[in-house]
Structure formats: structure tokens, C-alpha cells
Amino acid sequence: KQEVTQIPAALSVPEGENLVLNCSFTDSAIYNLQWFRQDPGKGLTSLLLIQSSQREQTSGRLNASLDKSSGRSTLYIAASQPGDSATYLCAPEGGDYKLSFGAGTTVTVRA
Amino acid sequence: GAVVSQHPSWVICKSGTSVKIECRSLDFQATTMFWYRQFPKQSLMLMATSNEGSKATYEQGVEKDKFLINHASLTLSTLTVTSAHPEDSSFYICSVPTGYTTMGGYTFGSGTRLTVV
């Protein structure tokens, strides 16, 4: 059973700082790894998908890296803004096309 | 992009009653939908895979007679929590696989907050 750990559980930074969110998973036999954003009481918004054969994926201020063999992924958010405040979820997708979620990192960006 | 509509967004019900949650794929035909449950400060846990025209597949530990899933069309899946108890209070979210892009592979509903009193 895939176990996903996200560190830190919470993070508070002043606006403009870069954010580093870490994710580790126990089963390296993944199809891809996805990062999501969840606002309080809301559903999930897709951010990035990294295929198992890729090392990183970028979209705007977001960059995600993947080291499949060591079971790690990192999400970098550059020049953080108050609108980036949310919970960020990491979810490796197994060969059975099922997502396993971490508990998330709750980010607060202070204006 | 694909749009998934989930209703209701919140519901309060009395213990022992049943509650139905709808998940609609507005612009995408979905042969498969997923139902998750999320307790406060915890991760999303997959409950079941809803299959259009056939029985749902439940994850280990999820009572199929308590959480009834119906996927009668390519655009609608429903989750009915039967004989609800306070411990069923949770946030329920559905998702639809919508094809892989650099952003992701699933579109999620906005979730339903269920409170059983």
C-alpha cells in the first residue's frame, strides 16, 4: 500500500519568498505523480503532473521535481503571493490508475 | 477544461437517515468516476471506483451496503450514505479522469460537507 508523507505540515512565509514543499512515497512503481491545490472546504485543482520517466515539470512560477527511485518529489513555488495560500497535496498514481494522497502542506503567505 | 459539478455542497442530516450526493460530469463522458472521503487535517482516502453500467469497486474497509454507488449514465454518479451516523460526518469528493496533460489527469468536484447530528 502506497504511503505518502508531506513535510512540512504547515508553512508560513512573507510575500515574495520562495516555497519548497516536500513529498515522499514508499512505492516507487508509479505511473506519474500529481500535485494539487486545495482551498478550504473546496475540491482540488490540478497544478502539475510529472510522468514517471520525467525528472521535472514546470508551469509558470511552479516547478516540480521527481526522483522516482528514492521516492521523492518537491514542489517549488517562486516569488510567493498571498493568493498562493492553500493546502498543497502530492499524489503518486499507481499502475492501477489510483491516486494516493498525502495529508498536505498548508501554506500561508503573509502580505 | 472539463467541469465536474457536485451537489449538495453541504448537508446536515439526522442520525439514521440517508443522504444522496451527486457528481455530474458536465462536458465529458465518464465511464469511471472516483469517490473520496476526507477527514479534517487528513489526506483524501479513496472509497470506491464508480463504473458506468456496472457495479462499483470498493476499497478495502469500505462498507458497500452503507455507501451505495450508482453510475447509471456517462455523466452522473451518485453516492448514497445509508443509515448515516455521526462518524460518517466528513468531506466527500468525486473525481473524473479527463485525460493526462502537464497539469494533471483528473477533474474534481467541489466536495460535499456531510454533518450527521
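Throughout, protein chains are lettered first and strands after them, A, B, ... in sequence-line order, and every chain is numbered starting at 1.
Distance OG1/B:Thr57 to CG/A:Asp96: 11.0 Å, rounded to 0.5 Å. To the nearest 0.5 Å, the span separating CG on A:Leu99 from CG on B:Leu46 amounts to 8.5 Å. With rounding to the nearest 0.5 angstrom, the CH2 atom of A:Trp35 is 15.0 Å from the CE atom of B:Met103.
One hydrophobic cluster, built from ILVMFWY side chains closer than 4.5 Å, cannot hold both B:Ile21 and B:Met33; they sit in different ones. Note on B:Val19 and B:Val62: same hydrophobic cluster, where clusters join Ile, Leu, Val, Met, Phe, Trp and Tyr whose side-chain heavy atoms are under 4.5 Å apart, directly or indirectly. Side-chain heavy atoms closer than 4.5 Å link hydrophobic residues (I, L, V, M, F, W, Y) into clusters, and following such links, possibly through other members, connects A:Leu75 to A:Leu33. Residues B:Leu68 and B:Met47 fall into different hydrophobic clusters, defined by Ile, Leu, Val, Met, Phe, Trp and Tyr side chains chained together at heavy-atom separations under 4.5 Å. Connection of A:Ile50 to A:Leu89 is not established within any shared hydrophobic cluster, with ILVMFWY side chains joined at heavy-atom distances below 4.5 Å, either directly or through further cluster members.
By the neighbour-count criterion of 12 heavy atoms within 6.0 Å, atom CZ of A:Arg55 is sparsely surrounded, having that number or fewer from other residues, nucleotides or ligands. Few gaps surround NZ on B:Lys66; more than 12 heavy atoms of other groups in view lie less than 6.0 Å from it. In this structure, A:Arg72 places its CZ atom where only 12 or fewer heavy-atom neighbours from other residues, nucleotides or ligands lie under 6.0 Å away. B:Glu87 CD: more than 12 foreign heavy atoms inside a 6.0 Å radius.
Heavy-atom distances place no part of B:Thr107 under 4.5 Å from chain A, backbone and side chain included. For A:Asp39, no part lies under 4.5 angstrom from a heavy atom of chain B. Neither the backbone nor the side chain of B:Gln6 comes within less than 4.5 Å of any heavy atom in chain A. Heavy-atom distances place the side chain of A:Gln38, and not its backbone, under 4.5 Å from chain B. In this structure, the portions of A:Tyr97 lying under 4.5 Å from any heavy atom of chain B include both its backbone and its side chain. For A:Leu44, the parts lying near chain B are the backbone and the side chain together; criterion is any non-hydrogen pair under 4.5 Å.
Note: A:Lys98 leads A:Lys98, A:Gln6, A:Gln51 in heavy-atom pairs under 4.5 Å with chain B. Ranked by heavy-atom pairs under 4.5 Å with chain A, the first of B:Tyr100, B:Trp10, B:Phe91 is B:Tyr100. For the set B:Gln38, B:Met45, B:Arg113, B:Gln42, the count of heavy-atom pairs under 4.5 angstrom toward chain A peaks at B:Gln38. Taking A:Leu48, A:Asn32, A:Leu49 one by one and counting their heavy-atom pairs under 4.5 Å with chain B, the maximum is reached by A:Leu49.
Not one N or O on the side chain of A:Gln57 forms a donor-acceptor pair closer than 3.5 Å with the backbone of B:Thr102.
For the pair B:Lys41 and A:Thr106, the minimum side-chain heavy-atom distance is 4.5 Å or more.
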Next on the checklist: Pair B:Tyr106, A:Glu93 - check side chain to side chain contact (heavy atoms under 4.5 Å, CB included), show working.
Outcome noted: CA-CA 11 Å; B:Tyr106 298 84; A:Glu93 183 172 8; 2.4 Å; yes
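Summarising the geometry of A:Gly102 relative to B:Ser43, their closest heavy-atom pair is O-CB, 3.1 Å, with the distance given to 0.1 Å.
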